[in-house]
Colleague: 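First, the structure itself, so that you have it in front of you.
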Amino acid sequence: MSSIEHGPSAAASTHGNNELVLGLEDKPRLLIGLLAALQHLLAIIVPIVTPGLLICQALGVSAHDTNLIVSMSLVISGIATFVQCRRFGPFGAGLLIVQGTSFNFVGPLIAGGALMVQQGTPVEGVMAAIFGVVIAGSFIEMGVSRILPFIKRLITPLVTGIVVLMIGLTLIKVGLISMGGGFAAMGNGTFANGENLLLSGVVLAIIIVLNRMPLVWMRSCAIVIALAAGYALAGYLGRLDFTGMHQAAWFQVPTPLHFGIGFSWTLFIPMLVIYLVTSLEAIGDVTATSKVSRQPVEGPIWMQRIKGGVLVNGANSLLAGLFNTFPSSIFAQNNGVIQLTGIASRHVGIWIAVMLVLLGLFPSVAGIIQAVPEPVLGGAAMVMFGAVAASGINILASVRLDRRALLIIAVSLALGLGVAQVPEFLAHMPSALRNVLESGVATGGLCALLLNWFLPDGKDPA
């Protein structure tokens, strides 16, 4: 889950320690490196696996295949983290950057995938189409990395803020369904019963309480601690399902195109918009990491870093689609860990990468995570999805909200949320256009993009 900032001015608001314990090129001793890597791992493990679990549960993917997808999420995140930190030619930012599965794509993939399931497409065919779209969209992001100055003029913070806010608002429905027990609970009549609400409510309450604690490390690990408590409560209630772990092989050999490959325009158009926005998120996140690492936040070195970071964002999504998992993006929460520890050494990223790959190659780990009941996951997801919406609000707060900007926000949110809530509004449109506009994120994002492009940016006197 990425926090969104744009350019050096945004990164300048990120305050770190006055002095770093270990700078970018310093090599930590073994124990210090492992401890620092473990803190980063605790901050990212839940956000990496949650998108895959939510999508698989919503679409009815089998326990065995869910285990494969979650395992590959960890492996692919590890590979991307290694490349970002180590840097190979134009690939990578050369900073202590962690990359993982992006929440931005969850809502459109669930909505589009569920529609295909309702139309009679087998789940395996739906997943093949999803991964085909992930592969196709990755080239958009790789291309964006080569033309960043033009894209930044086209997709301004106003457009990005609207799209990120739309993503968060549409995800909240997904989070609430998970809190009630998910689509399976809707089918068997147990949705939002007392037990499901207890599990999700306890997790949500613990996250809120821990985030108000004065201890920084406790706030940083709030989601992990809350999920561990929810996991224990679910075990006490007899709600843990270890089917995925029992069906998993001892060692997972990465298998390309396990589901085959397909394509769907209905899925692709919303993904296209989100890939563009994710590219701009990466600019802000790399800039913020540069800031806390005492590296330049403007000039040729900075531009080289953001181009390399965005390029890996796209290239790793290509790898993710090939190896049966979902698009990834640069995580922002690790900047908080850098500030907390004072360790900005990119060599720590190598340890993080190794840990992620090892966790993914042993599927029993994914099976243990997969045993978490959906209400437990929903309690944490609700906070994370709300944080996405809050990030969008934060971006918009940095924009001069004159009458033009307010008009663009009003029309884009109205149309985007309206279509998401009343899809019947599109019933009589041509199928090609309907497929594009069925996603609230696509409708709101395209509206914001077009209005921002065509409405003159005159200075408001009022």
Side-chain angles (χ1 to χ4, degrees), residues 1-6 44 46-55 58 73 76-77 80 98-113 130-131 133-138 140-142 144-145 151 155 157 159-175 267-286 309-310 312-314 316-318 320-321 325-333 381-396 412 416-417 420 439-446 448-449:
M1 183 173 56
S2 182
S3 75
I4 322 307
E5 299 179 80
H6 293 272
I44 62 173
V46 173
I48 286 176
V49 301
T50 300
L53 286 175
L54 289 174
I55 294 169
S73 295
I76 297 301
S77 296
V98 178
Q99 193 162 323
T101 316
S102 174
F103 276 106
N104 291 353
F105 301 88
V106 172
L109 288 179
I110 288 178
I130 285 175
F131 296 132
V133 165
V134 169
I135 291 170
S138 68
I140 301 297
E141 196 161 13
M142 286 189 279
V144 165
S145 73
I151 292 295
I155 306 180
V159 175
T160 304
I162 291 170
V163 173
V164 174
L165 179 57
M166 280 293 311
I167 290 169
L169 293 177
T170 52
L171 278 175
I172 285 170
K173 179 181 178 181
V174 176
L267 290 170
F268 182 70
I269 299 300
M271 295 277 279
L272 175 62
V273 176
I274 297 171
Y275 267 117
L276 290 173
V277 170
T278 303
S279 301
L280 292 191
E281 289 183 9
I283 295 172
D285 292 333
V286 172
V310 175
V312 172
N313 243 23
N316 202 59
S317 293
L318 169 62
T325 192
F326 305 107
S328 67
S329 64
I330 295 171
F331 279 7
Q333 53 265 54
M382 201 63 171
V383 177
M384 292 186 277
F385 293 163
V388 175
S391 293
I393 294 171
N394 191 41
I395 298 170
L396 292 176
S412 302
L417 291 175
S439 164
V441 175
T443 300
L446 290 171
L449 187 64

Colleague: Using the test side chain to side chain donor-acceptor pair (under 3.5 Å), find all partners of Thr278 that sit at least two apart in sequence or belong to another chain.
Modeller: Asn104
Colleague: What are the two closest non-hydrogen atoms of Pro157 and Leu396, and how far apart are they?
Modeller: O-CD2, 4.5 Å
Colleague: Looking at Ile274 and Pro108, what are the two nearest heavy atoms and their distance?
Modeller: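 Residues Ile274 and Pro108, closest heavy atoms: CD1-CG, 3.4 Å.
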Colleague: Taking side chain to side chain contact (heavy atoms under 4.5 Å, CB included) as the test, write out the residues that go with Leu449, two or more places apart.
Modeller: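 Side chain to side chain contact (heavy atoms under 4.5 Å, CB included) list for Leu449, sorted by chain: Leu154, Ile155, Val159.
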Colleague: Of all residues at least two apart in sequence or in a different chain, which pass the side chain to side chain donor-acceptor pair (under 3.5 Å) check with Ser73?
Modeller: Thr325
Colleague: Return the CG to CG distance between Leu267 and Leu272, rounded to the nearest 0.5 Å.
Modeller: 12.5 Å
Colleague: Please enumerate all residues that pass side chain to side chain contact (heavy atoms under 4.5 Å, CB included) together with Ala136, with sequence neighbours excluded.
Modeller: Phe263, Phe268
Colleague: Sequence neighbours excluded, which residues qualify as side chain to side chain contact (heavy atoms under 4.5 Å, CB included) partners of Pro327?
Modeller: Phe105, Val134, Met271, Tyr275, Ser317
Colleague: What's the separation between atom CG in Asn316 and atom CD1 in Ile76, rounded to the nearest 0.5 Å?
Modeller: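 Between Asn316 CG and Ile76 CD1, I get 6.0 Å after rounding to 0.5 Å.
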Colleague: Please report the shortest heavy-atom distance between Pro51 and Val106, naming the atom on each side.
Modeller: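 Where Pro51 meets Val106 most closely, the heavy atoms are CB-CG2, 3.7 Å.
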Colleague: For Phe131, give me all partners under ring pair (Phe, Tyr, Trp, His ring centres under 6.0 Å), at least two apart in sequence or on another chain.
Modeller: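 Scan of Phe131 (ring pair (Phe, Tyr, Trp, His ring centres under 6.0 Å), adjacent residues dropped) gives Phe259, Phe326.
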Colleague: Only distances under 3.5 Å count here; give the side-chain donor-acceptor pairs of residues 164-175 to other protein atoms, sequence neighbours excluded, each with its distance to 0.1 Å.
Modeller:
unit_1 : atom_1 : unit_2 : atom_2 : d
Thr170 : OG1    : Met166 : O      : 2.8
Thr170 : OG1    : Ile167 : O      : 3.0

Colleague: Over all heavy atoms of both residues, which pair between Asn313 and Ala282 is shortest? Give the atoms and the distance, please.
Modeller: ND2-CB, 3.6 Å
Colleague: For Ser279, give me all partners under side chain to side chain contact (heavy atoms under 4.5 Å, CB included), at least two apart in sequence or on another chain.
Modeller: Glu141, Val144, Val310
Colleague: Mind checking whether Val49 and Thr101 have side chains closer than 4.5 Å, heavy atoms only?
Modeller: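 Counting from C-beta outward, Val49 and Thr101 never come under 4.5 Å.
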Colleague: What's the shortest heavy-atom distance between Ser329 and Ser102, and which atoms?
Modeller: OG-CB, 3.4 Å
Colleague: Please name the pair of heavy atoms, one in Ile162 and one in Ala448, separated by the smallest distance, quoted to 0.1 Å.
Modeller: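 Shortest heavy-atom separation between Ile162 and Ala448 comes out as CD1-CB, 3.8 Å.
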